[in-house]
> 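Below is the structure I would like to discuss, written out as C-alpha cells.
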Amino acid sequence: MAGQLRFNGTVSGSTGCPSVHEDAESGEVVVQGPPLIDAADTAQLRHLSEGEVAVVVPREMLADWTPKDTTRRAWIIDLDEFEGLFRTFSHSAWRLETRRRFASDEATNTYRQFVETGVVDWPVEDPYCELIRSQTAQGKRVDRVRIVDHPPTAGQLYLLNNAKRNSGLGENIRNVWRVDANRLQLPATDFWLFDSQLAAKLRFDDEDHLVDVELTTEPAEVVRYAAIRDAAWHHAVPYEEFAAKLSDSE
C-alpha cells in the first residue's frame with residue numbers, strides 16, 4: 001500500500017485500539033482492531049482468504065471516524081474567496097501554522113525591517129487589522145497555534161514578533177515546539193477551522209507561496225481537525241510566555 005496514512009480517531013481513550021486511519025491520497029480506510037480468532041466465528045465469515053485477518057471494532061467507531069461518502073466532499077477556492085470566510089464566520093476561527101517560512105512574509109517591508117534591525121513598525125490600520133478587529137469586537141474568537149523549530153527559523157521569529165500586534169487586534173496566539181507537536185502527532189498541514197463546521201486546508205507551492213485553499217464540511221474530517229485543534233491548544237503556551245523562555249535560553 002505504502003500510502004500517506006493519517007490517524008482519524010478512536011473510541012478508546014486509553015490504548016488507541018481499535019482505531020481508524022485513512023490514506024490521505026487515495027482515500028482508502030484502514031481499520032485497526034483486535035483480531036477475530038474464535039474458530040466458530042471465523043467459520044461464519046464469507047470470502048475470508050488465506051492471509052486475511054478479520055478485526056472487531058465497535059459500530060460507533062465506523063460511524064464517527066470513517067468518511068460518510070464514497071468521494072471526498074472537498075472543493076477548491078481562490079484567495080479572494082478565502083478572505084471572505086473571515087467576514088462571514090459566526091463565532092470562531094482557529095488556525096494551525098506548521099510551516100518554516102511564508103514567501104508572502106518575506107516580500108514585505110516589515111520582514112525587511114525585522115531582518116535588518118530586529119524591530120518592526122507594525123501597521124495597525126491595514127485591511128486585515130481592520131477586519132480582525134471588527135470581528136473580535138463582536139465577541140468572535142480568532143485563535144491560532146504556531147509550531148516553532150528549535151532553533152526557530154527567521155520566519156518563525158518574525159511571526160513571534162508579529163504576535164504582539166495581532167494580539168492587540170483580539171487574536172489569541174499560542175506556540176508549541178515542533179518536537180512536542182511531533183509527539184502529539186499534529187499534522188504538517190496548515191489549516192483554519194471555522195465555527196467547528198468548515199475546515200480550510202491551505203495549499204502551498206514548492207516556493208512556499210499560498211496558492212489556493214481546499215474546503216471540506218465532511219463530518220468525519222471536520223471532527224478530525226477539531227481533535228487536532230484541541231490537542232494543539234491544550235499543549236501550546238501563550239506567545240508571551242514562549243517568547244520569554246526563548247529569550248532566557250539565548
Side-chain angles (χ1 to χ4, degrees), residues 1-10 19-31 60-105 107 127-128 130-132 134-136 138 140-147 159 166 171 181 185-233:
M1 186 172 176
Q4 184 181 344
L5 297 184
R6 68 186 184 200
F7 176 71
N8 276 13
T10 179
S19 63
V20 170
H21 290 72
E22 186 177 354
D23 190 316
E25 297 178 356
S26 71
E28 292 178 302
V29 174
V30 178
V31 179
E60 61 266 27
M61 188 181 77
L62 298 180
D64 292 343
W65 297 109
T66 55
K68 302 303 182 289
D69 297 313
T70 55
T71 58
R72 295 183 187 278
R73 292 189 293 172
W75 64 100
I76 306 299
I77 62 172
D78 61 27
L79 301 186
D80 289 337
E81 292 176 283
F82 176 56
E83 181 182 346
L85 296 179
F86 293 90
R87 304 182 186 279
T88 58
F89 75 93
S90 297
H91 54 78
S92 63
W94 190 92
R95 169 79 185 272
L96 179 67
E97 290 184 20
T98 70
R99 303 184 67 82
R100 293 175 170 85
R101 67 183 289 263
F102 295 91
S104 58
D105 286 345
Y128 176 81
E130 294 172 1
L131 174 58
I132 298 303
S134 69
Q135 296 290 55
T136 58
Q138 299 176 55
K140 300 179 184 181
R141 293 184 59 91
V142 180
D143 306 323
R144 68 176 81 211
V145 168
R146 287 172 169 151
I147 296 176
L159 291 175
N166 280 23
E171 287 194 24
Q185 297 184 319
L186 300 184
T189 301
D190 279 39
F191 70 88
W192 282 92
L193 186 62
F194 295 96
D195 298 328
S196 298
Q197 295 179 333
L198 175 67
K201 177 183 175 182
L202 278 58
R203 308 201 315 172
F204 295 82
D205 64 18
D206 292 339
E207 302 300 322
D208 298 306
H209 294 92
L210 178 60
V211 177
D212 55 32
V213 178
E214 180 182 293
L215 302 183
T216 184
T217 57
E218 184 181 73
E221 190 76 345
V222 170
V223 169
R224 185 179 71 85
Y225 279 115
I228 293 167
R229 174 198 61 195
D230 291 349
W233 194 249

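Quick note: numbers below take in every heavy atom, side chains included, and nothing from hydrogens, waters or symmetry partners.
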> Out of curiosity, Arg224 CZ to Glu218 CD, how far, rounded to the nearest 0.5 Å?
10.0 Å

> Parallel, tilted or perpendicular: which fits the ring planes of Phe86 and Tyr128, with parallel below 30° and perpendicular above 60°?
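Perpendicular.
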
> Show the nearest heavy-atom pair for residues Thr98 and Pro187, with the distance to one decimal.
CG2-O, 3.4 Å

> Hey, can you tell me if Phe194 and Phe89 have their rings parallel, tilted or perpendicular (30° and 60° cut-offs)?
tilted

> Decide yes or no for Leu79 and Glu83: does some side-chain heavy atom of the first lie under 4.5 Å from some side-chain heavy atom of the second?
no

> For the residue pair Ser92 and Ser196, what are the closest heavy atoms and their distance?
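Ser92 and Ser196 have their closest heavy atoms at OG-N, 4.2 Å.
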
> Any side-chain heavy atom of Glu214 within less than 4.5 Å of one from Phe191?
no

> Less than 4.5 Å apart, any side-chain heavy atom of Tyr225 and any of Leu96?
no

> On a heavy-atom basis, which atom in Val222 and which in Gln197 lie closest, and how many Å separate them?
CG2-O, 3.4 Å

> Report the distance from atom CD1 of Ile147 to atom CZ of Arg100, rounding to the nearest 0.5 Å.
9.5 Å

> Indicate the atoms forming the closest heavy-atom contact of Val211 with Phe204, along with that distance.
CG2-C, 4.1 Å

> Given side chains that start at C-beta, do those of Leu210 and Phe102 come closer than 4.5 Å, heavy atoms only?
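No. Closest side-chain heavy atoms not under 4.5 Å.
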
> To the nearest 0.5 Å, what is the distance between NZ on Lys140 and OG on Ser134?
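OG of Ser134 is found 7.5 Å from NZ of Lys140.
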
> Assess whether side-chain contact (heavy atoms from CB on, under 4.5 Å) is satisfied between Thr136 and Glu171, documenting all intermediate values.
CA-CA 8 Å; Thr136 58; Glu171 287 194 24; 5.6 Å; no

> Considering the options Arg99, Arg146, Arg95, which one meets the salt bridge (Lys or Arg N to Asp or Glu O under 4.0 Å) requirement together with Asp190?
Arg95

> Side chains of Asp230 and Trp94, heavy atoms from C-beta outward: is any pair under 4.5 Å?
no

> Within this structure, what is the CD-OG distance for the pair Gln138 and Ser90, rounded to the nearest 0.5 Å?
10.5 Å

> So how far is it from Asp195 CG to Thr88 OG1, rounded to the nearest 0.5 Å?
8.0 Å

> To the nearest 0.5 Å, how far apart are CH2 in Trp233 and CD1 in Ile228?
15.5 Å

> Between Leu186 and Ala232, what is the shortest heavy-atom contact and its length?
CD1-CB, 3.8 Å

> Less than 4.5 Å apart, any side-chain heavy atom of Leu215 and any of Ile77?
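Yes - at least one pair of side-chain heavy atoms lies under 4.5 Å apart.
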
